[in-house]
Protein chains: 2
Amino acid sequence: MKKTTIYDVAEEAEVSLATVSRVINNSNVVKKETRERVLAAIARLDFKPNQVARGLATSKSTTIAVIFPQSIFARVKDMISGIGDTGRTLDYNLMMYTTDELGDEDPVDDVIERVVKARADGVILFNNDKIIQELELMKKYNMPTAVIGYKASDEHLCSVFVDAHNIGYTLTKNYLDKGIDDIVFLKPRQNLLSLDDAISGIKDAFKDAGKKFDDKKVLSVSTHFSQNYPFFMDYLKENKPRVVIAGYDKEAVSMMYAAQDSHLSVPDDIEIIGMVDTTYAKMARPSLTSVYLPVYDMGAIAVRLITKMLNGEGIDNREVNMQYSINIRNTTKLL
Amino acid sequence: MKKTTIYDVAEEAEVSLATVSRVINNSNVVKKETRERVLAAIARLDFKPNQVARGLATSKSTTIAVIFPQSIFARVKDMISGIGDTGRTLDYNLMMYTTDELGDEDPVDDVIERVVKARADGVILFNNDKIIQELELMKKYNMPTAVIGYKASDEHLCSVFVDAHNIGYTLTKNYLDKGIDDIVFLKPRQNLLSLDDAISGIKDAFKDAGKKFDDKKVLSVSTHFSQNYPFFMDYLKENKPRVVIAGYDKEAVSMMYAAQDSHLSVPDDIEIIGMVDTTYAKMARPSLTSVYLPVYDMGAIAVRLITKMLNGEGIDNREVNMQYSINIRNTTKLL
DNA sequence: ATGAAAGCGCTAACAG
DNA sequence: CTGTTAGCGCTTTCAT
């Protein structure tokens with residue numbers, strides 16, 4: 001029950017294997033009649049060219065490795081769609097590697113070793129707390145790389161991201177202009193945007209207003225609802241921030257429920273803003289104001305950038321800054 | 001800047017390439033001293049065996065293809081973790097293929113063609129409305145397959161699923177026993193369990209109680225909150241079901257909000273039960289009673305099943321029935 | 001215990 | 001326009 005090979009097709013079509021190869025690679029030097037004979041043979045034998053062999057011969061695997069922290073995964077559904085659709089369109093295979101919460105050996109080194117062995121043509125990485133280390137490794141193996149959510153570039157590196165500094169600055173300035181400076185930031189561990197940039201944006205807004213943003217107003221939080229809710233309940237006993245900006249919708253919603261259960265009115269006593277604009281934001285009650293990120297497009301563009309690097313196409317912009325927007329719903333009133 | 005190959009290592013270690021091959025494949029015939037010399041050379045040259053070449057030589061790609069409908073994706077975060085972790089542990093690469101919402105040619109044929117060309121050793125499929133067709137194709141190419149969420153098996157096919165009939169039956173009987181028979185079922189298009197089985201379970205419970213479950217009580221629904229909510233608001237104008245069982249948490253939550261906004265008390269006027277037990281269930285207010293599925297384990301087991309088939313290991317159970325449980329929260333009171 | 005050599009299925013010069 | 005031939009990097013007999 002052997003797979004049919006290019007030789008079988010050659011024999012069946014009474015041509016040499018080189019001709020079959022030309023046909024399946026759409027070479028335009030093959031005589032129409034010959035091509036048709038070959039095509040017929042291919043159909044008859046249900047021949048599927050072996051990509052592994054092709055990969056060996058061409059030193060290309062037409063494969064892109066996508067490496068993501070599992071914790072980031074839930075929020076990137078649409079991004080995976082963007083990556084998947086674009087990969088399919090451009091005829092690339094996608095290998096999937098998850099990192100996070102492993103425990104054993106160093107996941108990053110281990111995963112990248114696998115990627116190198118698999119001879120992926122390129123790799124897509126997501127912003128995470130080890131991104132710098134990861135980028136260095138990719139550089140060492142000079143593997144064409146696209147990062148999502150972290151601004152960086154060099155000869156083999158492109159990125160697609162959203163200007164988190166600008167988000168932080170804009171939101172903060174809005175409230176400062178209205179005389180509100182009691183702002184708290186919730187910082188989950190991983191995200192699709194650089195939360196440190198968002199924080200520096202907040203700080204800069206304060207600075208421009210002649211004030212100072214206290215680092216204590218940055219709360220590092222888990223992404224587990226069951227852990228956050230009690231933590232926030234506790235927090236709200238001592239603190240009554242007027243505005244909460246969360247790095248991710250889920251924490252925003254937890255905070256909102258905690259606020260309500262602490263007899264704070266949303267948005268009258270406390271305004272809450274999430275980020276990424278997932279279904280959590282839409283389904284919350286009241287619905288959550290959130291910063292929308294074009295995740296599908298970010299995924300699609302990441303793939304496109306990789307393939308451009310692989311094909312040696314010119315890339316005018318190696319650091320693609322995507323537009324975000326703010327979807328105002330019912331947890332804010334002064335935005 | 002060529003990648004170092006097995007030849008380079010052989011030269012560096014002053015042995016033949018066959019010996020190097022033996023070392024990297026842990027053959028135990030190599031003399032200890034030689035092995036060490038080779039290992040040193042490998043380290044010195046930072047040699048990473050080319051899996052593509054190895055794949056050609058062995059006719060194995062050590063790759064498993066995972067094919068999922070994008071719409072199912074959001075709810076399987078933990079399942080992907082299970083698949084990813086287990087794949088890594090067993091040293092398999094995972095290729096990712098998304099289907100759904102494409103529009104162009106037939107996605108299933110197209111994707112499976114890619115999988116065959118990529119010479120994946122096996123494939124993981126998810127229950128979806130084209131699963132039968134997909135399984136037939138995999139069988140045609142006699143590609144070892146594991147399905148998640150759909151019960152089936154044959155020589156090259158294993159499955160891991162949850163007994164949806166039992167879920168439907170159990171939930172329904174509970175209410176019928178308490179004299180409640182005004183039950184509605186919300187049926188989203190795709191799911192990790194066979195919703196038709198769940199429905200037949202409901203019907204059987206009615207039958208056993210000497211009653212009949214009206215097909216009109218099955219509502220086919222979208223998974224988009226923005227579409228469901230108004231639909232449910234409308235529905236509740238004419239209908240006041242006492243119990244709503246939803247095939248997925250998101251729709252359950254939509255229905256719950258619609259009920260509240262229709263001045264129905266949850267759970268006093270209407271009880272609502274979701275399935276899969278995602279974060280949506282935990283974050284809803286009131287929190288949603290939901291049927292928990294062991295998704296991480298289902299993913300892990302699917303990978304394990306595939307590798308067992310690939311290694312010719314005996315498989316005692318080719319249709320793995322996973323335990324579900326019902327997490328009772330605040331949208332039910334008679335459960 | 002190690003080496004030589006054939007072959008996995010395909011691509012890519014090079015001839016003709 | 002088509003065929004011949006030499007690899008791609010590795011595994012795997014078969015000798016030694």
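Just so you know, these numbers use all the heavy atoms, side chains as well, and skip hydrogens, waters and symmetry mates.
- In this view, A/N50 and A/V52, A/A53, B/R119 satisfy the side-chain contact (heavy atoms from CB on, under 4.5 Å) rule, not counting sequence neighbours.
- Listed pair A/T19 / D/dG3 meets the phosphate criterion, a side-chain N or O lying under 4.0 Å from OP1 or OP2.
- With sequence neighbours left out, the salt bridge (charged side-chain N to carboxylate O under 4.0 Å, His left out) criterion links A/E113 to A/K117, B/K48.
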Do any side-chain atoms of residues 32-42 of chain B form donor-acceptor pairs under 3.5 angstrom with protein atoms, and if so which ones, sequence neighbours left out?
| unit_1 | atom_1 | unit_2 | atom_2 | d |
| --- | --- | --- | --- | --- |
| B/R35 | NH2 | B/S27 | O | 2.8 |
| B/R37 | NH1 | B/A13 | O | 2.6 |

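- In terms of the side-chain contact (heavy atoms from CB on, under 4.5 Å) criterion, B/D316 has no residue partners (sequence neighbours excluded).
- Residue A/Y7 places no side-chain atom within donor-acceptor reach of the base of C/dC8, judged by atom type and a 3.5 Å distance cut-off alone.
- A/R119 has its CZ atom 21 Å from the P atom of C/dC10, to the nearest Å.
- For the helix from C/dA1-D/dT16 to C/dG16-D/dC1, the axis fitted to the five pairs at one end and the axis fitted to the five pairs at the other end meet at an angle of 40° (nearest 10 degrees).
- For the OP1/OP2 pair of C/dG3 and a distance below 4.0 Å, the side-chain nitrogens and oxygens of B/S16 include at least one atom meeting the criterion.
- Of the residues in residues 41-65 of chain B, those placing a heavy atom less than 4.0 Å from an atom of DNA chain C are B/L56, B/A57, in numerical order.
- Residues passing the side-chain contact (heavy atoms from CB on, under 4.5 Å) test with A/I67, sequence neighbours excluded: A/Y97, A/T99, A/V111, A/I112, A/V115, A/V123, A/L125.
- Ion pairing between a basic and an acidic side chain is recognised when a charged N comes within 4.0 Å of a carboxylate O; B/D91 and A/R114 show such pairing.
- Residues of residues 21-40 of chain B having a heavy atom closer than 4.0 Å to DNA chain D, listed by number: B/S21, B/R22, B/I24, B/N25.
- Annotation: salt bridge (charged side-chain N to carboxylate O under 4.0 Å, His left out) contacts of A/R54 (sequence neighbours excluded): none.
- Within the structure, side chain to side chain donor-acceptor pair (under 3.5 Å) contacts touching residues 143-161 of chain A (residues at least two apart or in different chains) are A/K139-A/D154, A/S153-A/E319.
- Legend: residues meeting side-chain contact (heavy atoms from CB on, under 4.5 Å) with A/T89, ordered by chain and number and at least two apart, are absent.
- In this structure, the salt bridge (charged side-chain N to carboxylate O under 4.0 Å, His left out) partners of B/E313, at least two apart in sequence or on a different chain, are B/R304.
- Computed from coordinates, the B/E14 CD to C/dA1 C1' distance equals 17 Å when rounded to whole Å.
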